[in-house]
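To keep things clear, I will list the structure first and then write my remarks on it.
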Amino acid sequence: MNKFYLTTAIPYVNGKPHIGHALEYFQADTVRNYHRLLGEETLLLSGADENALKNVQKAEEEGIKVEEFLNRNSKVFEKAFSDLGIKLDVFQRGSDKIRHWPGVQKLWQLCFKNGDIYKKTYGGYYCVGCESFKTEKELVNGLCPEHQKKPELVREENYFFRLSKYQNQLTNLIETNELKIIPENKRAETLSFIKSGLEDFSISRSYQRAHGIGVPVPGDKTQIIYVWFDALDIYMTGIGFGINEKEWNKWWPADLHIIGKDINRFHTVYWPAMLLSAGLPLPKEILIHSFINSGGQKMSKTLGNVIDPFEIANKYGVEALRYYLLSQIPLSEDGDFTIDRFLEIYTADLTNGLGNLAARVAKLSQNNKIKAPNPEQVFDNKLKEYFKNYQFSEALAYLWTKVAEVNREINQRKPWELSGNEAKLTILNLIKEIQYIAFNLQPFLPQTAAKILNQFSGHIEYQSPLFPRIKNS
RNA sequence: CGCGGGGUAGAGCAGUGGCAGCUCGCGAGGCUCAUAAUCUCGAGGUCCUGGGUUCGAAUCCCAGCCCCGCAACCA
C-alpha cells in the first residue's frame with residue numbers, strides 16, 4: 001500500500017490561530033482526504049514550535065512559568081484543528097523532551113560529523129528591550145525605533161551551519177523538480193534567492209540568552225540549539241526520528257509540506273540543506289500558499305478588518321468557511337476575505353448552487369419514488385489533474401460547472417411533466433450526476449459530501465437544506 | 001540603482017499579439033421539481049497614463065503614476 005505523509009507548517013505558538021492557519025489546515029486536510037480516498041495510507045502532522053525567546057518574554061510578561069505558557073498556547077493550536085473539523089494524526093510539540101529532543105540532537109550530530117557545523121563569533125547590535133539583534137538598516141539615528149534606546153554591541157560565539165556549501169546542489173534539486181516547489185512563482189523566488197548567494201546561518205544561542213529554554217547542543221552545555229535547527233525537525237521527530245527508526249522509516253520522507261510564503265526560505269533552502277548534510281532523504285513537494293487580506297489590505301487590529309475564522313465557522317458552518325477559502329483564495333497570489341464577499345459566495349454557490357440542486361433532485365426522486373443506485377467510486381480525471389498541482393480553486397470551479405450542467409438539464413427535461421419509465425430514467429440520471437459531484441467533492445467538503453451521498457442512497461427523501469439561506473441583516 | 005506582485009465592466013478575477021471574457025451583483029422574460037431557488041436573454045469596460053514596435057497590443061518595448069508585500073540567522 002502506498003503511503004502519503006504530509007504536514008502543515010509548525011506554528012509559532014506566540015499568538016492565536018488566524019484565518020491563514022485555517023486556509024493551510026483546510027488545504028492539508030483536502031490533500032489528505034484525496035489520498036486516503038485513493039486507497040493510500042495517510043499521515044497528517046502538525047505541531048508547535050516552542051523554541052523562541054519571545055515565548056520566554058511573553059510568559060514573563062504574564063507572570064507565568066514558560067512551561068505553563070507553552071502548554072496553554074499549544075493547546076489553542078491543537079484545538080484549532082478539531083474546531084475546524086480536522087483530525088490530526090500527530091501534533092508534535094517542540095518542548096517534548098521524550099519524542100522531540102533526541103531527534104534534534106541526532107540531526108545535529110549527523111550534520112556535525114559531516115563537518116557542516118562550526119563555531120564562529122557573531123557580532124551585532126543587540127537591543128535589550130527587543131531582546132534581539134538589529135541590523136544597521138533597522139536602526140533610526142543609531143537607536144532602536146521601538147525602544148528609543150541605543151543597542152549594545154554584543155559579541156557571542158555560536159554554532160553555524162554551512163549552508164553556503166549546498167548552493168549548487170540545491171539549485172540542481174529544485175531545477176530538476178526532484179524537490180518540487182509549488183506554485184511556480186514561489187519556485188522562481190527560491191531559485192533567485194539561492195543564486196544570489198547563500199550565507200551560513202547560526203543555529204545556536206548561549207544558554208544565558210536562551211534563558212535555558214530549548215534543546216542543548218550535544219557536548220556543549222553553554223549553547224542551546226536555536227529556532228530553525230530545532231523547529232523543522234518536528235517533521236521527523238513527530239514520526240519517530242531518533243527514537244523509533246521503524247516508524248520513521250515507514251513515513252519519511254514527507255510527501256508534502258504545506259507552508260506559508262513567509263517561511264518559504266526555511267523550507268525550500270535551509271531544511272533541504274540540513275537534510276542533505278545529514279545524508280537523509282528530502283521531502284518530495286513543498287506547497288506554498290500566500291496570505292489573506294481583507295478588503296485589499298493586510299488584516300490589522302488598528303484597521304479593524306480582522307476576520308476570525310472560528311467566528312465564521314461557528315456562525316455559518318465550518319464547511320462554508322472551508323469552501324470559501326479553498327475556492328476563492330488563489331494559490332500563487334494573496335487572496336481576499338470580506339464578510340460581504342463571503343456571504344455572496346455562500347448564497348450563490350452553496351445555497352443556490354449545490355444545496356438547492358440537491359433539494360430539487362431529492363424532491364423529484366421522492367415524488368417519483370426512485371431508489372438510488374450505488375454511486376460510482378472513481379475520481380474525475382480532470383480533478384486528478386488539478387490535484388497534481390494542488391489547484392483547489394480550479395478543481396472546485398470545475399465541479400461547480402457540473403452543478404450548473406445538472407441544473408440546466410433539469411430545466412430542459414422538465415421531469416415534473418414526465419411520468420412512468422421516462423420520469424424514472426431521467427431522474428435516475430440526475431441522481432447519478434449528483435452522486436458523481438458528491439463523490440468528487442469529498443476531499444474538499446467531507447461533511448457535505450457525506451450528507452449528499454447519504455441522502456442519495458437507497459430510499460431518497462427530501463431533507464432540510466444543506467446550506468440554509470442567510471437572511472440579509 | 002535593493003527584490004517582487006499588482007492596476008481589465010459596480011465588486012472579485014481570467015485572459016501574454018488577432019473581433020474584450022468568467023463569477024457575483026443589476027435589468028427583462030420563462031419555469032414551478034427546488035432554499036423568492038433554477039433556466040434564457042440583456043445592459044454595463046478610455047483593458048492606469050503617455051510614447052514606441054507591428055498589418056494588428058490588454059497582451060511586446062520605453063518612460064511615468066498609483067496600490068501591496070518582502071528586504072536572509074526574525075515564525
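The basis for the numbers below is simple: all heavy atoms, side chains too, and nothing from hydrogens, waters or symmetry mates.
- The listed nucleotides are B:G69, B:C73, B:A72; the one nearest the side chain of A:Lys261 is B:G69.
- Here, B:U38 and B:U46 have their C1' atoms 37 Å apart, quoted to the whole Å.
- You'll find the side chain of A:Tyr226 stays beyond 4.5 Å of the side chain of A:Phe201, heavy atoms only.
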Mark up nucleotides 4-16 of chain B, 5' to 3', with B wherever a protein heavy atom is under 4.0 angstrom from a base atom, S wherever such an atom reaches only the sugar-phosphate, and - elsewhere. SS------S----

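- The CD1 atom of A:Ile410 sits 14 Å away from the C1' atom of B:U35 (whole-angstrom rounding).
- Annotation: B:G12 and B:A57 have their C1' atoms spaced 25 Å apart (nearest Å).
- Salt-bridge formation is not detected for the pair A:Lys432/A:Glu409: no Lys NZ or Arg NE/NH1/NH2 atom is positioned less than 4.0 Å from an Asp or Glu carboxylate oxygen.
- Salt-bridge check for A:Lys382 with A:Glu385: failed, with every basic side-chain N at 4.0 Å or more from each acidic carboxylate O.
- Ring to ring, A:Tyr316 and A:Phe342 are close: their centroids are under 6.0 angstrom apart.
- Atom NZ of A:Lys402 and atom C1' of B:U23 are 18 Å apart (whole Å).
- By the neighbour-count criterion of 12 heavy atoms within 6.0 Å, atom CD of A:Gln208 is sparsely surrounded, having that number or fewer from other residues, nucleotides or ligands.
- When the P atom of B:A34 is taken as reference, atom CD1 of A:Ile460 falls 15 Å away, rounded to whole Å.
- A:Lys120 and A:Asp200 are not joined by a salt bridge, as no carboxylate oxygen comes within less than 4.0 angstrom of a charged side-chain nitrogen.
- Nearest to the side-chain atoms of A:Asn407 among the listed nucleotides B:C33, B:A72, B:C39 stands B:C39.
- Rounded to whole Å, atom P of B:U38 lies 16 Å from atom CD of A:Glu405.
- Comparing B:U32, B:U38, B:U35 against the side chain of A:Trp416 picks out B:U32 as the nearest.
- At a threshold of 4.5 Å between non-hydrogen side-chain atoms, the residues A:Arg99 and A:Thr237 do not count as touching.
- Nucleotides B:C60 and B:G5 are separated by 13 Å at their P atoms, to the nearest Å.
- Salt-bridge formation is not detected for the pair A:Arg341/A:Asp336: no Lys NZ or Arg NE/NH1/NH2 atom is positioned less than 4.0 Å from an Asp or Glu carboxylate oxygen.
- Within 4.0 Å (heavy atoms only), A:Gln412 reaches no atom of the nucleic acid at all.
- Rounded to whole Å, the separation between the C1' atoms of B:C31 and B:C67 comes to 46 Å.
- Between B:G44 and B:G27, the distance separating the two C1' atoms is 11 Å to the nearest Å.
- Across all strands shown, B:C13 forms a Watson-Crick or G-U wobble pair with B:G21, both key distances being under 3.5 Å.
- The ring-ring contact (aromatic ring centres under 6.0 Å, His included) test with A:Phe444 singles out one residue from A:Tyr324, A:Phe387, A:Trp400, and that residue is A:Phe387.
- Looking at the side chain of A:Arg469, the nearest of the listed nucleotides B:C33, B:C39, B:A36 is B:A36.
- Atom C1' of B:U54 sits at a distance of 38 Å from the matching atom of B:C70, rounded to the whole Å.
- When rounded to the nearest whole Å, the span between CZ of A:Phe160 and P of B:A72 equals 15 Å.
- Rounded to whole Å, the C1' atom of B:C48 lies 25 Å from the corresponding atom of B:A43.
- Across all strands, A:Leu364 comes closer than 4.0 Å to base atoms (heavy-atom distances).
- The partner of B:G69 is B:C3, by the rule that a Watson-Crick or G-U pair needs both atom distances under 3.5 Å.
- If you check every strand for non-hydrogen atoms under 4.0 Å, A:Pro415 touches nothing.
- Among the protein residues, A:Phe161 comes within range of no part of the nucleic acid, since none of its heavy atoms lies under 4.0 Å from any strand.
- To the nearest whole angstrom, the two P atoms, one in B:A9 and one in B:A20, are 15 Å apart.
- In this pair, A:His18 and A:His21 present their aromatic rings tilted. The plane angle is within the 30 to 60° band.
- We find that the ring of A:Phe201 and the base of B:C73 do not stack by the test of centres under 5.5 angstrom and planes tilted less than 30°.
- Contact of A:Asn356 with B:U38 (side chain to base): no donor-acceptor pair of N or O atoms is detected under 3.5 Å.
- Considering only side-chain atoms of A:Ala348, the nucleotide from B:A34, B:C24, B:C73 that sits closest is B:C24.
- Closest approach to the A:Leu466 side chain among B:U35, B:A34, B:C31 is made by B:U35 (side chain taken as heavy atoms from C-beta onward).
- Ranked by how close their nearest RNA chain B nucleotide is to the 5' end, A:Asn367 and A:Asn293 are led by A:Asn367.
- Toward the 5' end of RNA chain B, the nearer of the two residues A:Ser192 and A:Asn352, judged by each one's closest nucleotide, is A:Ser192.
- Counting non-hydrogen atoms under 4.0 angstrom, A:Phe467 reaches a base of the nucleic acid.
- When rounded to the nearest whole Å, the span between NZ of A:Lys186 and P of B:C70 equals 13 Å.
- When both distances must be under 3.5 Å, the Watson-Crick or G-U wobble mate of B:A58 does not exist.
- Protein atom CD of A:Glu409 is 14 Å distant from nucleotide atom C1' of B:C33, rounded to whole Å.
- Atom-to-atom, CG of A:Leu428 to C1' of B:C33 comes out at 16 Å; the value is rounded to the nearest Å.
- With B:C33, B:U32, B:U35 as the choices, the nucleotide that has an atom nearest any side-chain atom of A:Glu417 turns out to be B:U32.
- Within 4.0 Å of A:Gly197, counting heavy atoms only, lies at least one base atom of the nucleic acid.
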